[in-house]
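First up is the structure itself, then whatever we jot down about it.
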Number of protein chains: 2
Amino acid sequence: MASARDAEEAAADKPAGPDKRRMILDAAVVAFAKRGFHACRVSDIADEANVAYGLVYHYFRSKDEVLDTLFLERWNVLLEVITEIDHQTLPARDKLYAIASFIVDSYRHDPDLMKVIIVEVTRAANSFGRTHLTAIREAYALIAGIVEKAQADGSFRDAVTPGFAALAFYGAIEQVLTGWIFDMLPRGDEEFDQAKAFIVETICGGLDAAAIHGTIGRPPEPSDRMGR
Amino acid sequence: MASARDAEEAAADKPAGPDKRRMILDAAVVAFAKRGFHACRVSDIADEANVAYGLVYHYFRSKDEVLDTLFLERWNVLLEVITEIDHQTLPARDKLYAIASFIVDSYRHDPDLMKVIIVEVTRAANSFGRTHLTAIREAYALIAGIVEKAQADGSFRDAVTPGFAALAFYGAIEQVLTGWIFDMLPRGDEEFDQAKAFIVETICGGLDAAAIHGTIGRPPEPSDRMGR
DNA sequence: CCCCGGACTGACTGGTCAGTCAACTGGAGA
DNA sequence: TCTCCAGTTGACTGACCAGTCAGTCCGGGG
């Protein structure tokens, strides 16, 4: 991950080379997380990084590019990790657990970064979400692939399509992170680990006490309430 | 729902009384959906409503108040509907289906409104999401209550807490809507109805082919990958 | 007939920022 | 010593836009 940076630092022989670009990126995470991308001024980033305003524009073409960089840097790691997990020989359920685990741990490790990624990109349908749609879809496709294989070998039933299962799985994860981001859910090592288990349990095990697996229950009559 | 408006119109005896306030609200939905709240200018709303700029400020104190109104108007309906569903004597699974159904149908009926509510409020941790947190939590609490009762009477197993199940359930719904909002998922009457069934099936029935319900599977060893 | 007040209009103001740029610094090489 | 230039600085500009306000229009009551 940080190998390029390590090499550069070693070559430059600076004990704790400031690496202003990195400082700006890290400061941007804090600033974006605190006030949100729109409300955050470029001067907030510069201040947080203890760096002159103009330097941000030395390293990045625009405020947008700072967020893009932050997102892609991390999302590519996620994509790599999922791919790697998928290549292991593991029950699908364990693969999903490993993925949930990685994402939850990412939040535990750097809540601000994950908050920014989720709130400003992954869920921002009118701005960055659109521009990074391809990368986001890739994650879904990877998860769907895991489900599909499990359905093929019979370890998952095929009551729902793989794409749909991927959506629900990732949706549950993001919703839990959102719960933490909004301070709706208690945070703590115990809660984080419990969340991983609960996510997988909910999506894989289901809620029904007597699940007659294999047959999809025909939907009950729909409610007719339609407002507005 | 629109009874207050009907009464007003009847009293005023206007054949198609413009009701500019409503026109502004409806125009705002279109404008916010198209460009997002931040990128949308107040003049966009006024233009869309065929109304003078200043009139927006005659009916609303600020641009924010327009969104607040839009959100609360609809969210209160949702809260009412969930409460009503909960009061019926129905298996928990059917209650959840009715809720999913109502939300999906809300999207079917007015995709722009739901897009605005989800993107600009429900998932906006730094702006409106915070200010409407109480209302949002209410919906979770209602859903959690349904799960809790089902666990008490034994129709749902208690491998996960009610609050967590509510989170996953609502998260799955929102993620599906997000899929439509992002144009990641095909839209159509068939897809909408399938989605309702899939959401409930995923959350209630689970993915595992051989779910040994009643015992919570101990988590497999976690992945140690930790990046950044 | 006039007055009042609510509905309505849109030009204008004040403040806010993203992005620019001219200037400065310090170290490496000639 | 003198370039040179990447890295660095922060004052400044130009655009944009939420919100204001002075004023018009019109219907109803006196």
Side-chain angles (χ1 to χ4, degrees), chain A residues 4-5 7-28 31-32 34-70 116 120 124 126-128 131, chain B residues 4-5 8-28 30-32 34-70 116 120 124 126-128 131:
Chain A
R5 203 211 137 160
E8 191 187 315
E9 216 167 65
D13 191 53
K14 280 177 200 158
D19 195 354
K20 301 278 177 90
R21 196 185 118 98
R22 187 76 252 159
M23 285 170 68
I24 290 169
L25 248 11
D26 291 344
F32 289 161
K34 203 178 307 180
R35 322 192 41 199
F37 179 81
H38 283 288
C40 165
R41 284 160 280 130
V42 173
S43 63
D44 291 336
I45 303 176
D47 290 351
E48 182 72 39
N50 279 315
V51 133
Y53 186 96
L55 197 61
V56 175
Y57 287 90
H58 180 73
Y59 287 109
F60 302 94
R61 258 190 306 253
S62 66
K63 188 185 165 191
D64 283 20
E65 204 186 77
V66 177
L67 217 207
D68 286 337
T69 306
L70 245 19
V116 170
E120 309 294 348
N126 292 303
S127 49
F128 293 91
T131 74
Chain B
R5 203 209 136 168
E8 191 186 315
E9 221 167 60
D13 191 53
K14 280 177 202 159
D19 197 352
K20 301 278 178 89
R21 195 186 120 99
R22 187 78 253 159
M23 284 171 69
I24 291 169
L25 248 11
D26 290 345
V30 176
F32 290 161
K34 204 178 304 181
R35 322 191 43 198
F37 179 82
H38 284 289
C40 165
R41 284 158 281 132
V42 173
S43 64
D44 292 337
I45 303 176
D47 290 352
E48 182 71 39
N50 279 312
V51 136
Y53 186 96
L55 196 60
V56 175
Y57 287 91
H58 180 70
Y59 287 110
F60 302 95
R61 258 189 305 253
S62 66
K63 188 185 165 191
D64 284 21
E65 203 186 78
V66 177
L67 217 207
D68 286 338
T69 306
L70 246 17
V116 170
E120 309 294 349
N126 292 303
S127 46
F128 293 90
T131 74

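A quick note: this is a predicted structure, and the numbers were derived from the prediction, not measured. Chain naming here is simple, since letters A, B, ... match the order of the sequence lines and numbering starts at 1 in each.
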I'd like a list of close polar pairs between nucleotides 19-26 of chain C and the protein, N/O only, cut-off under 3.5 Å.
| from | atom 1 | to | atom 2 | distance (Å) |
| --- | --- | --- | --- | --- |
| C:dG19 | OP2 | A:Tyr57 | OH | 3.0 |
| C:dG19 | OP2 | A:Lys63 | N | 3.1 |
| C:dG19 | N7 | A:Tyr53 | OH | 2.6 |

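Nearest-nucleotide positions on DNA chain C for B:Ala52 and A:Cys40 put B:Ala52 closer to the 5' end.
Going from atom CG of A:Asp19 over to atom P of D:dA6 covers 18 Å, rounded to whole Å. Atom pair B:Asn50:CG and C:dC8:P shows a separation of 13 Å (rounding to whole Å applied). One atom, CG of A:Asp44, and another, C1' of C:dA18, lie 13 Å apart when rounded to the nearest Å. Atom-to-atom, CG of A:Leu55 to C1' of C:dA18 comes out at 16 Å; the value is rounded to the nearest Å. With rounding to whole Å, A:His38 atom NE2 is found 15 Å from C:dT16 atom C1'. Across the protein-nucleic acid pair, B:Arg22 atom CZ and C:dA7 atom P stand 17 Å apart, rounded to whole Å.
With sequence neighbours left out, the salt bridge (Lys or Arg N to Asp or Glu O under 4.0 Å) criterion links A:Asp44 to A:Arg35, A:Arg41.
The heavy-atom pair separating B:Ala46 from B:Tyr53 by the smallest distance is CB-CA, 3.8 Å. Across all their heavy atoms, B:Phe32 and A:Asn126 have their closest contact at O-ND2, 4.2 Å. Between B:Glu65 and B:Phe60, the shortest heavy-atom distance links the atoms OE1-CA, 3.4 Å. Pairing each heavy atom of A:Lys20 with each of A:Tyr59, the nearest pair is CB-CE1, 3.9 Å. Taking all atoms of both residues into account, the shortest heavy-atom contact from A:Glu120 to A:Phe128 is O-CB, 3.5 Å.
If you run side-chain contact (heavy atoms from CB on, under 4.5 Å) between A:Ile24 and each of A:Thr69, A:Asp19, A:Ile45, only A:Ile45 comes through.
Each of C:dA18, D:dT9, C:dC8 was ranked by its minimum atom distance to the side chain of A:Arg41; first place goes to C:dA18. Between C:dA18, D:dT8, C:dA7, one nucleotide has an atom nearer to the side chain of B:His58 than all others, and that is C:dA7.
Within 4.0 Å (heavy atoms only), B:Tyr59 reaches sugar-phosphate atoms of the nucleic acid but no base atom.
Listed pair A:Lys20 / D:dT8 meets the phosphate criterion, a side-chain N or O lying under 4.0 Å from OP1 or OP2.
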